[in-house]
Amino acid sequence: MNYWLMKSEPDDASIDDVLALPKQTIAWYGVRNYQARNFMRDAMQVGDGVLFYHSGCAVPGIAGLAEVASTPYPDDTQFDHKSKYFDPKANREEPRWMLVDVRALKKTRLISLAELREQEPLADMRILQRGNRLSITPVSAAEWRHITNKLMKA
DNA sequence: GCCAACGTTGGC
DNA sequence: GCCAACGTTGGC
């Protein structure tokens with residue numbers, strides 16, 4: 001069992017949006033970074049814990065809890081000429097971009113980026129490191145415990 | 001294989 | 001809208 005933090009722009013897909021979907025599940029389309037792709041393709045397991053993070057918005061932070069809900073499969077948007085995620089170098093025989101399904105479990109209170117930075121036990125979190133832009137990052141078991149404990153208290 | 005140019009992310 | 005950081009591209 002591993003843990004992850006996955007960023008989504010709430011204007012695109014917020015935790016509320018995903019909870020409103022059938023099965024509360026969304027294909028995590030649009031990742032176009034190899035490191036992030038490799039986490040989905042090579043490292044994620046069904047049932048892994050996911051911190052659902054809102055980025056590119058007024059108050060960025062953790063907005064919900066989710067889980068990995070599928071094994072990896074090709075991201076369809078890479079083949080779609082009309083999609084902004086279309087990749088001319090991808091083809092169906094050798095898909096370049098893989099994704100997993102993510103099932104939203106619950107909306108939480110927002111733990112803002114500023115609040116995360118105040119937490120000494122989270123000092124080494126990938127998301128808090130200078131210049132980090134990766135949209136998917138591993139979360140340690142200790143970091144996961146700290147954050148979920150905090151959510152239960154509040 | 002180097003590296004300059006360019007594009008993107010994402011907080012502020 | 002700005003800009004720092006960093007990934008990707010492509011000429012050489």
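The chains referred to below are lettered A, B, ... by the order of the sequence lines, with proteins before strands, and numbering in each begins at 1. The analysis underlying the following values was restricted to heavy atoms, covering all of them including side chains, and did not include hydrogens, waters or symmetry mates.
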Exercise. What closest approach, in Å, do A:Ile15 and A:Ala104 show between heavy atoms, and which atom pair accounts for it?
Worked result: CD1-CB, 3.8 Å

For this session: Could you name each residue pair satisfying side-chain hydrogen bond (donor to acceptor under 3.5 Å, both in side chains) that touches residues 43-57 of chain A, not counting sequence neighbours?
Result: A:Trp4-A:Asp48

Exercise. A:Arg103: what forms a salt bridge (charged side-chain N to carboxylate O under 4.0 Å, His left out) with it, not counting sequence neighbours?
Worked result: A:Glu67

Exercise. Quick one: bend of the helix from B:dG1-C:dC12 to B:dC12-C:dG1 from 5 pairs per end, to 10°?
Worked result: 10°

For this session: Mind calculating the distance between CD1 (A:Ile127) and C1' (B:dT9) to the nearest angstrom?
Result: 11 Å

Problem set entry | Residues forming a ring-ring contact (aromatic ring centres under 6.0 Å, His included) with A:Tyr34, sequence neighbours excluded | A:Trp97

For this session: Would you please confirm or rule out a distance under 4.0 Å between OP1 or OP2 of B:dG10 and any side-chain N or O of A:Lys7?
Result: yes

For this session: Quick one: list whatever passes salt bridge (charged side-chain N to carboxylate O under 4.0 Å, His left out) with A:Arg32, sequence neighbours left out.
Result: A:Asp75

For this session: May I have the distance from A:Met6 (atom CE) to B:dG10 (atom P), rounded to whole angstrom?
Result: 13 Å

Exercise. Nearest of C:dG10, B:dG10, B:dC12 to any side-chain atom of A:Ser55?
Worked result: B:dG10

Exercise. Does A:Asn33 or A:Lys89 map to a spot on DNA chain C nearer the 5' end, using the closest nucleotide for each?
Worked result: A:Asn33

Problem set entry | Nucleotide B:dG10, atom P - distance to CD1 of A:Ile62 in whole Å | 15 Å

Exercise. Whole Å only: how far is the CZ atom of A:Arg126 from the P atom of B:dT9?
Worked result: 17 Å

Exercise. Just by distance, with hydrogens left out, do A:Asp12 and A:Tyr29 show a side-chain donor and acceptor under 3.5 Å apart?
Worked result: yes

For this session: Return no unless some side-chain N or O of A:Tyr53 is found under 4.0 Å from OP1 or OP2 of B:dT9.
Result: no

Exercise. Quick one: A:Met125 CE to B:dG11 P, roughly how many Å, whole number?
Worked result: 13 Å

Exercise. Between A:Asp11 (CG) and B:dT9 (P), how many Å, whole number?
Worked result: 14 Å

Problem set entry | Summary of salt bridge (charged side-chain N to carboxylate O under 4.0 Å, His left out) pairs that have at least one residue in residues 13-30 of chain A, sequence neighbours excluded | A:Asp16-A:Lys107

Problem set entry | Qualifying salt bridge (charged side-chain N to carboxylate O under 4.0 Å, His left out) pairs, either residue in residues 89-98 of chain A, two or more places apart | A:Asp76-A:Arg92, A:Asp87-A:Arg96

Problem set entry | Integer-rounded Å distance: B:dT9 P and A:Asn132 CG | 14 Å

For this session: Could I get the full list of side-chain contact (heavy atoms from CB on, under 4.5 Å) partners for A:Thr71, not counting sequence neighbours?
Result: A:Val46

Could you list, one pair per line, each protein nitrogen or oxygen that sits under 3.5 Å from a nitrogen or oxygen of nucleotides 2-8 of chain B, together with the distance?
unit_1	atom_1	unit_2	atom_2	d
B:dT8	O2	A:Arg133	NH1	2.5

